[in-house]
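A short write-up of the structure that comes next.
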Amino acid sequence: MLDLSARFGHHGTLLFLDLDQFKDINDSCGHKIGDNLLKQVAQTLLDISRATDIVARLGGDEFAILLPETTDIGAAQFANKVCQSINQITMQVKDVYYKISASIGLVSFPQSDLTVDELISNADLAMYQSKAKGKNTWHQFALDDKTRDQLESRVLWKNKIEAALAHNRFIFHYQPIMDIRTRTVSHYEVLIRMQDDDGTIHYPDSFIQIAEQTGLIHDIDHHVLQQSIEKQAQLDKQGADISLSINLSGHAADDHLLVPLIKRLLKESQANPEHLIFELTETAAVADIKHAKHMMTQLKMLGCRFSLDDFGTGFASFHYLRELPVDIVKIDGSFIRDLAHNPDDQLFVKALVDVARGMGKKTIAEFVENAEILALLHAFGVDYAQGYYIGRPEPHFLTGPPILT
Ligand code: C2E
Ligand code: CA
Ligand code: CA
């Protein structure tokens, strides 16, 4: 078709379509219902396309539609129609309604001398761009250099993440969390890093966001849990008095496999669940408070604790504090870094300590970078401190008490 359109000057469009939360439905409702849904999507696509269009399933929840003869405007109208029609499909399982949506990438042809493979990969890139815009939308691929660079970098990072998962190239650093009153360390936060084939170490800022956009974040969460729980089990066996604090991604609350995985890992490794703390950011917890609460409650029943990370950056933080079954509140570093010189930050920290204590919760301050800040935190009654002043994230644990100069 590409040859024909180039030869006779026709203009066509290729649509790449990916369902937004198919994996969730499959995981929570079973494959039979998943299969049924795919059939409904296929039928919907056939119903709204013309006899001369080609509708195909590429695999999994990916479909493609080839419109041999269309303008860009016509293709955009068609993409809108696809979004709307798919969005009308609902699945009822017991008393829960699932609404379906899709992300679509569009690429028009012929384009200079792009090959079939290049067109398909551009459509795939455009699809990722539409996922990044939000669900149930489409994006027309444009050969604009900036977006092209961004997309290529996203694809590059996606490949790097996949390779790191496949070849076990994630490594973990541990940062001490100090009890301010006793000046002892019994907790460490686990922080992930990614090692490249050439040995370069990448920090989470480079890859977590892309992992979230491409859905790879669940695999990272699972890998982090597996490695950390195994490490906790080793520490427990050695009789080391160390608790690990594990970051869960913002998407953890809607991962149906997470709690069963943690249960299995705990059972297999014999790690003490009471030593594990999970960190979830306030923003993530509030964005999906129902699921977050449910996950927290289930993990707390196993004996694990919860820490509300980056506290204070969200909207109406204090309001939600009451609602969430967390044990520890981790005050966001932006309130701490400049604490010694910022009276507003001091007010906030003091108020938070009061409220948290009233609710029976502990407090941690992160980004504690000097003695002055630590002294203030002590005076305000904050329970724990974490930051470069106490210790940087390192691949090993402290061998003695932190050296505070
Ligand atoms: P976070 O959970 O708020 O972690 C604290 C970050 O602040 C870490 O950066 C840490 O190295 C850094 N930090 C610690 N002390 C200080 C200090 O005194 N001053 C300053 N300026 N920074 C300090 P890192 O390791 O690059 O992690 C960044 C973020 O990546 C984390 O923020 C967390 O949201 C995410 N992350 C890290 N590990 C994991 C993981 O295993 N899974 C998931 N899902 N996310 C992770
Ligand atoms: Ca954290
Ligand atoms: Ca934090």
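Keep in mind it's a predicted model, so treat the numbers as computed, not measured.
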key: Exceeds 12 heavy-atom contacts within 6.0 angstrom, atom CD of Glu274   = no
request  = Report yes if the side chains of Phe380 and Leu339 come closer than 4.5 Å at any heavy-atom pair, otherwise no.
outcome  = yes
query = Does one side chain, of Thr281 or Asp310, offer a donor that lies under 3.5 Å from an acceptor on the other?
reply = no
query = Any side-chain donor paired with an acceptor under 3.5 Å for Asp72 and Thr13?
reply = no
inquiry  = Side chains of Gln232 and Asn272: any donor to acceptor distance under 3.5 Å?
reply    = no
request  = Give a yes or no answer on whether the side chain of Arg57 reaches the backbone of Gly60 with a donor-acceptor pair at less than 3.5 Å.
outcome  = yes
request  = May I ask you to check whether over 12 heavy atoms, not counting those of Glu323, lie within 6.0 Å of atom CD?
outcome  = yes
task = With side chain to side chain contact (heavy atoms under 4.5 Å, CB included) as the test, would you mind laying out the steps for Ile208 and Glu212 before giving the verdict?
result = CA-CA 6 Å; Ile208 292 287; Glu212 284 174 347; 3.9 Å; yes
key: Straight-line distance of Ile220 CD1 to Asn247 CG, nearest 0.5 Å   = 12.0 Å
ask   = Stepwise, does the side chain to side chain contact (heavy atoms under 4.5 Å, CB included) test hold for Leu308 with Lys361?
value = CA-CA 10 Å; Leu308 199 56; Lys361 301 182 196 300; over 6 Å; no
task = Go through the steps for Asn87 and Ser101 under the test side chain to side chain donor-acceptor pair (under 3.5 Å), then give the verdict.
result = CA-CA 5 Å; Asn87 211 222; Ser101 66; 4.9 Å; no
ask   = Is a salt bridge present between Asp20 and Lys131, judged by a nitrogen-to-oxygen distance below 4.0 Å?
value = yes
ask   = Under 4.5 Å between any side-chain heavy atoms of His222 and Gln226, yes or no?
value = no
inquiry  = Would you compute the distance between atom OH of Tyr384 and atom CD1 of Ile177 and round it to the nearest 0.5 angstrom?
reply    = 9.0 Å
inquiry  = Which residue in the set Asp309, Leu324, Leu248, Leu299 passes side chain to side chain contact (heavy atoms under 4.5 Å, CB included) when paired with Leu280?
reply    = Leu248
note = So CD1 of Ile100 and CG of Leu38: to nearest 0.5 Å the spacing works out to 9.5 Å
ask   = Is there a donor-acceptor contact under 3.5 Å linking the side chains of Asp221 and His251?
value = no
ask   = For the rings on Phe207 and His202, is their centre-to-centre separation under 6.0 Å?
value = no
inquiry  = In the structure I gave you, are the side-chain heavy atoms of Ile262 and Gln298 within less than 4.5 Å of one another anywhere?
reply    = no
message = Within the 4.5 Å heavy-atom criterion, are Phe348 and Ile331 side-chain neighbours or not?
response = yes
query = Checking side chain to side chain contact (heavy atoms under 4.5 Å, CB included) for the pair Arg193/Tyr203: CA distance, chi angles, key distance, verdict?
reply = CA-CA 5 Å; Arg193 279 91 184 82; Tyr203 288 81; 3.7 Å; yes
request  = Flag the pair Ile86 / Leu17 as yes when at least one side-chain heavy-atom distance between them is below 4.5 Å, and no otherwise.
outcome  = yes
inquiry  = Do Phe78 and Ser49 have side chains that approach each other closer than 4.5 Å (heavy atoms only, starting at C-beta)?
reply    = yes
task = Please round to the nearest 0.5 Å and tell me the distance separating atom CD of Gln111 and atom CG of Leu2.
result = 10.0 Å
remark   = Contacts of His218 meeting ring-ring contact (aromatic ring centres under 6.0 Å, His included) (sequence neighbours excluded), chain-then-number -> none
task = Measure the shortest side-chain to side-chain distance between Ile336 and Leu377 over non-hydrogen atoms and say whether it is less than 4.5 angstrom.
result = yes
ask   = Can you tell me how far CZ of Phe109 sits from CE of Met1, rounded to the nearest 0.5 angstrom?
value = 6.5 Å
N-O pairing of Glu189 and Lys330 below 4.0 Å = yes
key: Smallest separation among heavy atoms of Leu374 and Ala385, with atom names   = CD1-CB, 3.7 Å
task = Look up atom CD1 in Ile328 and atom CD1 in Ile364, then write down how far apart they are to the nearest 0.5 Å.
result = 5.0 Å
message = Is a donor from one side chain sitting under 3.5 angstrom from an acceptor on the other, for Glu282 and Ser317?
response = yes
key: Modelled atom types, side-chain donor and acceptor of Thr200 and Asp198, under 3.5 Å   = yes
inquiry  = Salt bridge check, Asp327 against Lys300: does any charged N sit closer than 4.0 Å to a carboxylate O?
reply    = yes
